[in-house]
Amino acid sequence: MQRTPELDARLRMAITVGLGPRLTARLEETFSSPVAAVNASVAQLQDIEGIGPRKAGGIRHALDEADVEAQWRLIDEQDRKSTRLNSSH
């Protein structure tokens, strides 16, 4: 799978605690792209309806702590396993 900044940002949002599908959609809609959404400041996050200072800080922290590299390693590992299984048939 080809890594792109947009795909990295979408993966980061997907693994971020506190971001469900609706809030993720609002972030993307508000900031026009997944990359801009994951780079939003606490102040910018607070501008979104339903996100106060505490939640904005929690989201920002969770986005910063999301281990995208570990997720990519898992994806690569699963891809290699799948390739080996498919080639053995």
Side-chain angles (χ1 to χ4, degrees):
M1 181 177 293
Q2 180 80 18
R3 279 183 75 169
T4 64
E6 181 176 291
L7 194 53
D8 270 10
R10 287 185 186 279
L11 181 57
R12 182 173 300 279
M13 286 190 289
I15 64 173
T16 296
V17 175
L19 286 184
R22 281 187 240 138
L23 189 49
T24 296
R26 277 194 287 162
L27 285 172
E28 286 192 41
E29 183 179 307
T30 300
F31 296 108
S32 303
S33 80
V35 175
V38 300
N39 290 312
S41 69
V42 171
Q44 289 172 313
L45 291 168
Q46 287 180 63
D47 288 339
I48 298 173
E49 184 180 335
I51 300 180
R54 189 171 173 183
K55 186 165 187 151
I59 291 170
R60 180 70 265 154
H61 178 74
L63 284 166
D64 291 339
E65 295 298 313
D67 193 350
V68 174
E69 294 305 318
Q71 295 302 310
W72 277 114
R73 286 190 298 274
L74 289 171
I75 290 167
D76 289 341
E77 182 180 316
Q78 290 301 316
D79 189 44
R80 284 190 304 274
K81 285 179 182 178
S82 177
T83 301
R84 281 194 309 264
L85 287 173
N86 290 334
S87 65
S88 67
H89 291 315

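The pair E77-K81 meets the salt-bridge criterion, since a charged nitrogen lies less than 4.0 angstrom from a carboxylate oxygen. The pair R12-D8 does not meet the salt-bridge criterion, since no charged nitrogen lies less than 4.0 angstrom from a carboxylate oxygen. Between E6 and R10 there is a salt bridge, since a side-chain N of the basic residue sits under 4.0 Å from a carboxylate O of the acidic one.
From I48, atom CD1 reaches atom CZ of F31 across 4.0 Å, with rounding to the nearest 0.5 Å. Between the CG atom in L63 and the CD1 atom in I15 there is a gap of 9.5 Å [rounded to 0.5 Å]. The line from CD of Q46 to CD1 of I59 is 10.0 Å long, rounded to the nearest 0.5 Å. If you take CG on L23 and CE on M13, they are separated by 10.0 Å, rounding to the nearest 0.5 Å. Residue E65 holds its CD atom at 10.5 Å from CZ of R60, rounded to the nearest 0.5 Å. Rounding to the nearest 0.5 angstrom, the gap separating the CG atom in L7 from the CD1 atom in I75 is 7.5 Å.
Shortest non-hydrogen contact noted between P34 and E28 is CG-OE1, 3.8 Å. Closest approach of V42 and A56 over heavy atoms only: O-CB, 3.6 Å.
L11 and L27 sit in two unconnected hydrophobic clusters of ILVMFWY residues. Membership requires side-chain heavy atoms under 4.5 Å apart, directly or through other members. In terms of hydrophobic clustering, with Ile, Leu, Val, Met, Phe, Trp and Tyr side chains grouped at heavy-atom distances under 4.5 Å, L19 and V68 are assigned to different clusters.
Within the 4.5 Å cutoff, the side chain of L74 has no heavy atoms near those of the Q78 side chain.
Judged purely by atom type and a 3.5 angstrom limit, Q44 uses its side chain to pair as donor or acceptor with the backbone of S41.
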